[in-house]
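Since the structure is predicted, the reported quantities are computational estimates derived from the model, not experimental observations.
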Amino acid sequence: MENKKHRNCAQKVLGAFAEDFAIDPALADGIASAFGGGRFRGETCGCVVAANMVLGLAYGHDRELLKANSLRFEEGFKEIHGSVNCSEILREVRALQTPAKVDAAKAERCSRCIDDSIAILRGILENHGPINV
């Protein structure tokens with residue numbers, strides 16, 4: 001397993017819910033490992049991808065409930081971060097002058113995305129139907 005200190009955003013979001021769904025944390029890390037940094041290409045934020053994994057675990061038995069909660073998550077995330085696209089979320093960070101400044105700003109911005117994703121998901125899971133474990 002990858003060193004926990006270097007886990008990507010998707011791993012951190014899915015990992016926050018691994019215990020809720022009786023998933024081994026190492027397995028959750030492996031499942032989410034390819035989704036950080038917008039699948040390494042700045043596409044859909046890994047937090048958003050992992051959130052949909054969690055929602056699939058909770059509501060995958062009911063397509064309409066899954067769709068409604070996926071949209072609910074995306075709306076909440078976009079309201080806070082302006083986009084679900086990694087490169088758009090980090091656009092102003094990448095404009096900084098030095099690699100050290102970019103790395104520090106990116107870490108701070110990604111940390112906020114992770115924390116916000118977990119909070120939005122917790123709210124959905126607590127307020128919008130049962131978890132299907």
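- A distance of 9.5 Å separates CD of E64 from CG of L66, quoted to the nearest 0.5 Å.
- Formation of a donor-acceptor pair under 3.5 Å by the Q11 side chain with backbone atoms of D29 is found in this model.
- Shown here is E79, whose CD atom has no more than 12 heavy atoms of other residues, nucleotides or ligands within 6.0 Å.
- Judged purely by atom type and a 3.5 angstrom limit, S33 uses its side chain to pair as donor or acceptor with the backbone of G30.
- Minimum heavy-atom separation, K12 to R7: CE-O, 3.2 Å.
- Between the CZ atom in R63 and the NZ atom in K67 there is a gap of 7.0 Å [rounded to 0.5 Å].
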Stepwise side-chain contact (heavy atoms from CB on, under 4.5 Å) test for V49 and C9: CA-CA 10 Å; V49 174; C9 56; over 6 Å; no

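- Partners of F17 under the ring pair (Phe, Tyr, Trp, His ring centres under 6.0 Å) rule, at least two apart in sequence or in another chain, do not exist in this structure.
- C47 and F73 make their closest contact through O-CZ, 4.4 Å (heavy atoms, listed as atom of the first residue, atom of the second, distance).
- Contact detail for L125 and A58: the closest heavy-atom pair is CD2-CB, 3.5 Å.
- We find the CZ-SG distance between R91 and C86 to be 11.5 Å, quoted to the nearest 0.5 Å.
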Verdict with supporting geometry, I120 and I124, side-chain contact (heavy atoms from CB on, under 4.5 Å): CA-CA 6 Å; I120 294 167; I124 290 170; 4.0 Å; yes

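- When all heavy atoms are compared, the tightest approach of L14 to A50 is N-CB, 3.9 Å.
- Of the inter-residue distances, the one linking L121 atom CG with R72 atom CZ reads 12.0 Å to the nearest 0.5 angstrom.
- Of all heavy-atom pairs between A16 and I118, the closest is CB-CD1, 3.6 Å.
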Stepwise side-chain contact (heavy atoms from CB on, under 4.5 Å) test for C45 and V84: CA-CA 6 Å; C45 173; V84 297; 5.5 Å; no

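- Summarising the geometry, atom CG belonging to N52 is positioned 11.0 Å from atom CZ belonging to F35; distances are rounded to the nearest 0.5 Å.
- Summarising the geometry of E88 relative to S83, their closest heavy-atom pair is OE1-OG, 2.8 Å, with the distance given to 0.1 Å.
- Considering only heavy atoms from C-beta on, L90 comes within 4.5 Å of C110 through its side chain.
- For the atom pair CD1 of I89 and CZ of F77, the computed distance is 4.0 Å after rounding to the nearest 0.5 Å.
- For S111, there are no side-chain hydrogen bond (donor to acceptor under 3.5 Å, both in side chains) partners at least two apart in sequence or on another chain.
- For the pair D20/R122, a side-chain contact is recorded, criterion being any heavy-atom separation below 4.5 Å from C-beta on.
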